[in-house]
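Have a look at the structure below, then the notes.
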Amino acid sequence: MYSSITSLSLRLQPGDDIRNSLSRLLLDRELPAACVLSCAGCLSRAALRLAGNGGGTIIEGPLEIVSLSGTLSPQGPHLHIAFADSIGRVLGGHLLDGCIVLTTAEIVLAILPDVRFSRRHDAATGYAELVITSPVEVTP
């Protein structure tokens with residue numbers, strides 16, 4: 001499926017929660033679909049779900065964001081984050097509420113105006129998984 005894109009750049013402030021801020025942005029601007037193109041910043045605290053672990057893990061910072069990726073739908077984001085501590089150890093996983101900006105989070109989003117993202121429970125995985133629809137057929 002092909003789609004045109006536009007970009008949206010933002011800077012989150014100290015104390016902002018990354019997941020909540022991006023979810024609110026999508027709803028406030030009534031955006032149908034977006035994905036993260038890039039993110040650089042620093043966290044005072046990270047909250048994530050590690051692979052194969054049902055619960056959340058809290059890591060206290062400072063932590064440098066080395067990667068943020070994922071999709072944003074009106075029903076919520078699916079984001080993964082990787083960050084490094086003060087000696088360069090990197091940890092990553094599924095981003096949860098509670099990833100708090102220490103100094104900045106400079107984020108560039110791709111807005112996909114020709115696509116609609118939604119989430120629907122998938123019996124095979126047990127999670128609300130991404131559903132992609134396009135009201136406009138775009139040919140390459």
Side-chain angles (χ1 to χ4, degrees):
M1 185 174 299
Y2 293 92
S3 174
S4 63
I5 67 166
T6 58
S7 65
L8 174 63
S9 302
L10 64 141
R11 176 179 176 239
L12 299 182
Q13 302 293 316
D16 286 345
D17 181 297
I18 291 177
R19 188 174 192 278
N20 288 335
S21 296
L22 292 177
S23 293
R24 190 172 53 251
L25 174 82
L26 204 75
L27 292 174
D28 289 350
R29 296 197 180 200
E30 298 179 350
L31 300 173
C35 64
V36 177
L37 292 177
S38 70
C39 177
C42 187
L43 301 173
S44 61
R45 180 181 69 182
L48 67 158
R49 188 180 70 235
L50 302 173
N53 185 339
T57 299
I58 303 294
I59 309 292
E60 296 297 331
L63 304 162
E64 288 290 334
I65 300 169
V66 296
S67 178
L68 178 67
S69 64
T71 56
L72 298 127
S73 75
Q75 290 80 30
H78 182 193
L79 300 167
H80 289 190
I81 191 167
F83 50 82
D85 65 14
S86 62
I87 62 170
R89 287 180 297 207
V90 176
L91 184 63
H94 183 89
L95 183 137
L96 301 174
D97 290 341
C99 283
I100 307 301
V101 174
L102 178 62
T103 57
T104 191
E106 302 159 1
I107 302 172
V108 180
L109 300 176
I111 308 303
L112 309 168
D114 301 328
V115 176
R116 303 292 179 263
F117 286 169
S118 60
R119 300 205 164 275
R120 186 178 318 135
H121 179 78
D122 184 321
T125 67
Y127 293 101
E129 300 291 5
L130 185 67
V131 176
I132 304 164
T133 55
S134 177
V136 177
E137 189 61 36
V138 180
T139 55

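All values derive from a computational prediction rather than experimental measurement. One-based numbering along the sequence shown.
Across Q75 and F117, no two heavy atoms sit closer than the pair OE1-O, 3.7 Å. The two residues G98 and D17 have their closest heavy-atom pair at N-OD2, 2.5 Å. Nearest heavy-atom pair, A110 versus I5, reported as atom, atom and distance to 0.1 Å: CB-CD1, 4.3 Å. In plain terms, the two heavy atoms of A33 and V115 that are nearest each other are CB-O, 3.6 Å.
Residue pairs meeting the salt bridge (Lys or Arg N to Asp or Glu O under 4.0 Å) criterion with at least one partner in residues 21-46, sequence neighbours excluded, are absent. Screening residues 84-106 for side chain to side chain donor-acceptor pair (under 3.5 Å), with sequence neighbours left out, gives R11-T104, R19-D97, D85-R89.
L26 and L96 fall into different hydrophobic clusters, where Ile, Leu, Val, Met, Phe, Trp and Tyr are joined by side-chain heavy atoms under 4.5 Å apart, directly or via other members. Note on V101: it clusters hydrophobically with L25, by side-chain heavy-atom contacts below 4.5 Å among ILVMFWY residues. L31 is connected to L109 through a chain of hydrophobic side-chain contacts under 4.5 Å among Ile, Leu, Val, Met, Phe, Trp and Tyr, so both are in one cluster. Residue I111 is grouped with residue L72 when hydrophobic side chains (ILVMFWY) are merged at heavy-atom distances under 4.5 angstrom, including chains of intermediate members. Linking Ile, Leu, Val, Met, Phe, Trp and Tyr whenever their side-chain heavy atoms come within less than 4.5 Å leaves L27 and L130 in two separate clusters.
Between the CG atom of L48 and the CD1 atom of I81 there is a distance of 8.0 Å, given to the nearest 0.5 Å. Atom CD1 of I107 and atom CG of L37 lie 11.0 Å apart (nearest 0.5 Å). Taking CD from E129 and OG from S118, the interatomic distance works out to 12.0 Å, rounded to the nearest 0.5 Å.
Contact annotation: the side chain of D122 never approaches that of Y127 to less than 4.5 Å [non-hydrogen atoms, C-beta and beyond].
Remark: D16 pairs with no residue by the side chain to side chain donor-acceptor pair (under 3.5 Å) rule, at least two apart or across chains. For L79, the side chain to side chain contact (heavy atoms under 4.5 Å, CB included) criterion is met by L22, V36, L68, P77, L95, not counting sequence neighbours. Shown here are the side chain to side chain donor-acceptor pair (under 3.5 Å) partners of R120, two or more places apart in sequence or in another chain: there are none.
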Distance-only check: which donor-acceptor pairs under 3.5 Å involve side-chain atoms of residues 56-66, not counting sequence neighbours?
none

